[in-house]
Asks: 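Okay, handing you the structure first.
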Number of protein chains: 2
Amino acid sequence: MSDDQKKRSPTISDVAREAGVSTSTVSRALSRKIPVHPSTMTRIEAAVAKLNYQPSVLARGLKEGSSRTLGLIVPDITNPVFPAAALGAESEALSQGYQVFLAHSHEDSVLESQLIQLMLQRKVDGLLIASAAEGFCREKWLQLPVPVIQLIRKFDDQLPYAICDQDQIGQLAASHLAMRGYQRPVIITGNQALPLYRQRKDSFIRTLLRAGYSSDAITVLDGSQWRNEGLGMVQSVIASKTDAVFASCDMQALGIARGLLAANIKIPGDVAIIGMDNLALCHLMTPAITSIRQPLKDLGKKAMSSLLSMIRDQSAETHIKVSCWLNPGETT
Amino acid sequence: MSDDQKKRSPTISDVAREAGVSTSTVSRALSRKIPVHPSTMTRIEAAVAKLNYQPSVLARGLKEGSSRTLGLIVPDITNPVFPAAALGAESEALSQGYQVFLAHSHEDSVLESQLIQLMLQRKVDGLLIASAAEGFCREKWLQLPVPVIQLIRKFDDQLPYAICDQDQIGQLAASHLAMRGYQRPVIITGNQALPLYRQRKDSFIRTLLRAGYSSDAITVLDGSQWRNEGLGMVQSVIASKTDAVFASCDMQALGIARGLLAANIKIPGDVAIIGMDNLALCHLMTPAITSIRQPLKDLGKKAMSSLLSMIRDQSAETHIKVSCWLNPGETT
DNA sequence: CTGAAAGCGCTAACAA
DNA sequence: TTGTTAGCGCTTTCAG
């Protein structure tokens, strides 16, 4: 911040005066939609440069009824699934002339509602929301005056969404384990308030049953308390007499691996592990973790691209589901 | 998006009409700064509720010359140091009635400049920037019409900053290794275009020299190409005949650990490792990684708090430096 | 305590 | 091609 910090930034009238034309001419020259005489153009450009004029997007927004602004609400950006999506979304928005507000709901649907209100007061043109686990309300969403897309977490099948194919994920994990002959698979589920974890679990089990497993052979453990940990799950994993674990995320897989190794259980000799998200760290571990990768950056990009189409009233894919793949490591 | 999506959202005049008062009275009632007759107040509140009125922050901003909006520019939010800072910053901003734009510079100073321009066009009241590694330009920053704080990465000592104490970090690592009697420490540096890595390295070396190490015993390796990897560093680490490595980040530490284990080198028996950032994964590894923790969320919060003070022209701490601590694991 | 009127910076008819 | 004018939604004098 320099001495001229208080000096009001130049407006379109300043430019107009400097160039000896009217404000509308400046407006036209800058928008480049309506032809302007080359020589005036030059004078205007000179004036703009001289004054270092920055058009006020606020004023333009007020006039045009659109702020060219979008909102992205996530529970917690330090959860590694969100940064990738945020990056993809922001990049796409930027490339189309939009900027994005980031806000955190802290997994609290009341705060989330307030954030939506705040964003609406800022006249965002659309919203991307990874909604809080509890308290989703379809009616509230339906009443929003701008397009909204459910990002990563889908709570309603009708409303627009952009998610990873959880059926496919459950299937990938299950058939990988089945193919390698593991007998007593365990799936550790995430917060069951999130449909995505229910779907993943159901599909995992369904695939195993189809492959001929008896339901007695399959164990479901609730790992929602141990998203960033896994260590707390170790006892139940051991107790389940499993030979293959599908964790709900990589950190959990890591913790379980550590716990099992500490208990002198061999990986994958005694117990195999599949992680989820395929963070960069997976292949840096010893043993490297087999993990399923979600193309989150791409998902964020697609979601944003669809949102922008909706905003423009163009036909758009509103039900986006991307495919994942399994990255084999040394734990299966 | 519902059927009423096109229905223009209600304005202050709608509320005024509904309540049978003038717009100025509504404005006063809502701002709560100027007294309004209780009965009018009630009618206005009713009208607001009935119409579900949302004041336009755009219009207010235009009128008041401030958008109550801030900008946060980071190279890449998927680098795990940034989400924590972003979270802290956004939370603090929100609690003071501000919202924040997030943008990515992709470590490109030209793009960064453009983003700054875009944010200024949106009339942000201030900026938090983790600037691109190359191309920092003091003059450009000085000319900005709003307060800016260097976040995490400090390129200029005079300009406001909020960073982690790199001298202390180098010292923590060095004295930890010295105290445990390691003889041939290696420091793997990050991108030397970033002053923070230079400072960390210098302080590490300085501390070792003071502790009586000869400079021959200390090795500096450039790890800037291997931030998310470390594996590529393994050969040089082995070649250095070191017995203790201070990595530039945890992922790198992880990769080096994996490489050393693969080469049948014991950790910490043959080689000790200290990581950096103390990601949650550190204590889930086997062996758990000794790592230095930066209080990044807190830093983000402090930075934002200071920025907001600057915006209000209040005296503020503009040179913020937070302390870190070493989290002992099993690799030293 | 309340209303009328001006204006923040910009764009878009409508004229010229 | 250019200027004049009105108005986006809001706050804020200035009068009552």
Side-chain angles (χ1 to χ4, degrees), chain A residues 6-45 47-48 51-69 97 118 120-125 145, chain B residues 6-45 47-48 51-69 97 118 120-125 145:
Chain A
K6 283 150 207 162
K7 194 197 299 171
R8 195 179 94 312
S9 53
T11 75
I12 198 171
S13 345
D14 297 327
V15 177
R17 193 174 326 110
E18 180 73 28
V21 293
S22 77
T23 59
S24 34
T25 305
V26 177
S27 173
R28 286 187 285 249
L30 265 36
S31 78
R32 304 181 169 287
K33 317 204 78 173
I34 286 134
V36 161
H37 193 89
S39 78
T40 12
M41 189 57 153
T42 320
R43 294 212 315 287
I44 290 173
E45 277 167 349
V48 166
L51 301 175
N52 186 26
Y53 167 69
Q54 306 281 355
S56 163
V57 180
L58 250 56
R60 184 194 327 219
L62 181 57
K63 177 70 190 161
E64 296 189 329
S66 140
S67 62
R68 298 227 144 214
T69 278
L118 288 175
L120 290 179
Q121 297 184 354
R122 297 213 130 90
K123 294 286 173 285
V124 294
D125 296 327
Chain B
K6 283 149 206 163
K7 194 198 296 170
R8 195 182 93 315
S9 52
T11 75
I12 199 171
S13 343
D14 297 326
V15 177
R17 192 173 328 108
E18 180 74 27
V21 293
S22 75
T23 60
S24 29
T25 305
V26 176
S27 173
R28 285 188 284 248
L30 265 37
S31 76
R32 303 182 168 287
K33 318 202 77 170
I34 286 135
V36 162
H37 192 88
S39 78
T40 0
M41 189 56 153
T42 320
R43 294 211 315 287
I44 291 174
E45 278 168 348
V48 165
L51 301 175
N52 187 25
Y53 168 68
Q54 306 280 357
S56 162
V57 179
L58 250 59
R60 186 197 324 226
L62 180 56
K63 180 66 192 165
E64 296 188 329
S66 142
S67 63
R68 297 224 144 219
T69 278
L118 288 175
L120 291 179
Q121 298 184 352
R122 296 211 131 88
K123 294 288 174 284
V124 295
D125 296 327

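Chain letters run A, B, ... following the sequence lines, proteins first, then strands; residues in each count from 1.
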Asks: Counting only distance, no hydrogens or angles, is the base of C/dA4 paired donor-acceptor with the side chain of B/Ser24 under 3.5 Å?
Replies: yes
Asks: Measure from the side-chain heavy atoms of B/Arg28 and tell me the nearest of D/dT13, C/dC1, D/dC10.
Replies: D/dT13
Asks: May I have the distance from B/Leu62 (atom CG) to D/dG7 (atom P), rounded to whole angstrom?
Replies: 17 Å
Asks: As a test of reading the structure: which of C/dT2, D/dC8, C/dA6 is closest to the side chain of A/Lys63, going by heavy atoms?
Replies: D/dC8
Asks: Does B/Ser31 reach a base, just sugar-phosphate, or nothing at all? Heavy atoms under 4.0 Å.
Replies: nothing
Asks: Before you tell me yes or no, could you show the steps for B/Lys123 and B/Thr69 under side chain to side chain contact (heavy atoms under 4.5 Å, CB included), namely the whole-Å CA-CA distance, both residues' side-chain angles and the distance that decides it to 0.1 Å?
Replies: CA-CA 7 Å; B/Lys123 294 288 174 284; B/Thr69 278; over 6 Å; no
Asks: Take atom NZ of B/Lys33 and atom P of C/dT2, then tell me their distance rounded to the nearest Å.
Replies: 19 Å
Asks: Which residue, B/Thr40 or B/Glu64, contacts DNA chain C at a nucleotide closer to its 5' end, judged by nearest heavy atom?
Replies: B/Thr40
Asks: Answer with yes or no whether the side chains of A/Ser27 and A/Ser24 bring together a donor and an acceptor at under 3.5 Å.
Replies: no
Asks: Please work out if B/Ser27 contacts a base, only the sugar-phosphate, or nothing of the nucleic acid, heavy-atom cut-off 4.0 Å.
Replies: base
Asks: Could you go step by step and tell me if B/Ser56 and B/Thr11 meet the side chain to side chain contact (heavy atoms under 4.5 Å, CB included) rule?
Replies: CA-CA 8 Å; B/Ser56 162; B/Thr11 75; over 6 Å; no
Asks: If you check the A/His37 side chain, which of D/dC10, C/dT2, D/dT1 turns out closest?
Replies: D/dT1
Asks: Measure from the side-chain heavy atoms of B/Ser22 and tell me the nearest of C/dA4, D/dC10, C/dC1.
Replies: C/dA4
Asks: Closer to the 5' end of DNA chain D via nearest nucleotide, is it B/Arg60 or A/Pro38?
Replies: A/Pro38
Asks: Between B/Thr25 and B/Ser22, is there a side-chain donor-acceptor contact under 3.5 Å, judged purely by atom types and distance?
Replies: yes
Asks: Check whether any side-chain N or O of A/Thr25 sits under 4.0 Å from OP1 or OP2 of D/dG3, and answer yes or no.
Replies: yes
